[in-house]
Amino acid sequence: SAVISQKPSRDICQRGTSLTIQCQVDSQVTMMFWYRQQPGQSLTLIATANQGSEATYESGFVIDKFPISRPNLTFSTLTVSNLSPEDSSIYLCSVEGWTGDRFQETQYFGPGTRLLVL
Amino acid sequence: SQQGEEDPQALSIQEGENATMNCSYKTSINNLQWYRQNSGRGLVHLILIRSNEREKHSGRLRVTLDTSKKSSSLLITASRAADTASYFCATALSSNTGKLIFGQGTTLQVKP
């Protein structure tokens with residue numbers, strides 16, 4: 001399985017500021033995703049991070065609020081902009097798909113970034 | 001509305017007992033995956049079951065899938081205190097975009 005790391009693991013931010021979260025995978029993968037988990041809730045998909053092109057956002061999520069970059073097949077960033085207390089959540093990246101010449105059907109998740117907005 | 005709904009929302013059992021969690025979904029799927037999450041940390045993948053499979057085992061875990069009823073169950077046998085966690089089912093749709101839709105989860109407490 002892919003080894004996924006996220007930075008930072010946690011942060012406390014002031015409202016109105018932004019936080020950029022990094023997701024690094026130890027091998028090239030075709031698909032990368034970003035999820036949000038609000039306190040006491042399940043996971044909700046924010047967007048699919050597309051390599052070399054704009055991310056594909058789910059209903060209720062917009063690029064201005066959650067800009068995403070994916071410059072290559074092993075790395076992606078999610079920025080949460082103009083923070084408000086409602087953005088306090090755990091943000092997780094995940095990967096799936098082709099890894100070299102092997103197709104990985106299982107979706108693996110990073111350890112998450114816990115964000116608290118004051 | 002949610003694609004995946006789980007029940008029960010919370011389950012409390014004694015160590016050694018079996019725990020069963022159920023997941024229902026609404027649309028056609030490519031596969032269904034079960035995950036465990038300890039205290040708001042990252043998700044640990046447990047089992048993936050494909051739409052053409054009916055049952056899979058992994059150690060003390062048994063997963064069933066009934067596509068006619070659009071439901072799945074996760075059975076943990078001989079539970080241990082370390083099994084205390086939240087368990088989520090997630091469905092990958094037949095469109096095969098890779099997107100997962102998560103159920104609301106079951107919080108399992110195993111008392112020693």
Side-chain angles (χ1 to χ4, degrees), chain A residues 1-7 9-10 21 23 25 29-51 55-61 70 76 88-99 103-116, chain B residues 1-10 21-25 27 29-53 56 58 61 63 65 85-108:
Chain A
S1 64
V3 177
I4 307 166
S5 60
Q6 285 186 233
K7 289 182 183 179
S9 59
R10 58 178 61 221
I21 303 167
C23 178
V25 191
V29 290
T30 49
M31 294 184 182
M32 292 181 78
F33 305 93
W34 287 97
Y35 290 81
R36 180 178 72 182
Q37 186 178 27
Q38 295 176 301
Q41 303 295 314
S42 185
L43 281 76
T44 301
L45 179 65
I46 297 172
T48 303
N50 300 309
Q51 194 262 328
T56 305
Y57 290 85
E58 298 300 306
S59 177
F61 297 96
R70 190 171 174 199
S76 178
S88 298
S89 297
I90 300 172
Y91 293 87
L92 302 102
C93 67
S94 67
V95 301
E96 183 185 318
W98 287 97
T99 306
F103 185 75
Q104 179 176 273
E105 192 175 13
T106 298
Q107 192 162 133
Y108 292 102
F109 283 78
T113 295
R114 188 183 291 267
L115 170 62
L116 176 63
Chain B
S1 60
Q2 286 290 333
Q3 161 75 333
E5 297 184 3
E6 294 181 60
D7 77 272
Q9 290 188 333
M21 289 158 261
N22 302 297
C23 169
S24 62
Y25 57 91
T27 61
I29 62 170
N30 193 41
N31 64 60
L32 186 148
Q33 304 183 44
W34 284 91
Y35 292 87
R36 184 184 74 224
Q37 186 179 42
N38 292 83
S39 301
R41 296 178 188 170
L43 270 68
V44 174
H45 188 267
L46 298 177
I47 287 185
L48 179 152
I49 186 164
R50 298 185 181 91
S51 60
N52 62 352
E53 297 175 317
K56 285 188 86 167
S58 177
L61 306 180
V63 167
L65 179 65
S86 293
Y87 292 81
F88 295 93
C89 68
T91 50
L93 302 183
S94 293
S95 54
N96 204 21
T97 59
K99 298 190 293 186
L100 292 181
I101 301 177
F102 280 79
Q104 289 304 304
T106 294
T107 301
L108 173 65

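Throughout, a chain's letter reflects where its sequence line sits, starting with A, and its residues are numbered from 1.
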* To do: Locate the shortest heavy-atom distance separating A/Gln41 from B/Gln104; write the atom from each residue and the value.
  =>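 Of all heavy-atom pairs spanning A/Gln41 and B/Gln104, the closest is OE1-OE1, 3.9 Å.
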Is the backbone of [Y] close enough, under 3.5 Å, to the side chain of [X] for a donor and an acceptor to pair up by distance?
X	Y	answer
B/Tyr35	A/Phe109	no
A/Gln107	B/Gly98	yes
A/Ser42	B/Gly103	yes

* To the nearest 0.5 angstrom, please state how far the CD atom of A/Glu96 sits from the NZ atom of B/Lys99. =>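 With rounding to 0.5 Å, CD (A/Glu96) is 12.5 Å from NZ (B/Lys99).
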* **Close side-chain approach of B/Leu100 and A/Phe33, heavy atoms under 4.5 Å** =>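 B/Leu100 vs A/Phe33: side chains apart.
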* Does any heavy atom of chain B fall under 4.5 Å from the side chain of A/Gln6, the backbone, both, or neither of them? ->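 Contact with chain B is absent: no heavy atom of A/Gln6 under 4.5 Å.
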* Just wondering, are more than 12 heavy atoms of other shown residues or ligands nearer than 6.0 Å to CD in B/Gln9? ->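 At most 12 heavy atoms, drawn from other residues, nucleotides or ligands, come within 6.0 Å of this atom.
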* Asked: Relative to chain B, which of A/Thr48, A/Thr30, A/Leu45, A/Thr106 shows the most heavy atom pairs under 4.5 Å?
  ->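 Of A/Thr48, A/Thr30, A/Leu45, A/Thr106, A/Thr106 has the most heavy-atom pairs under 4.5 Å with chain B.
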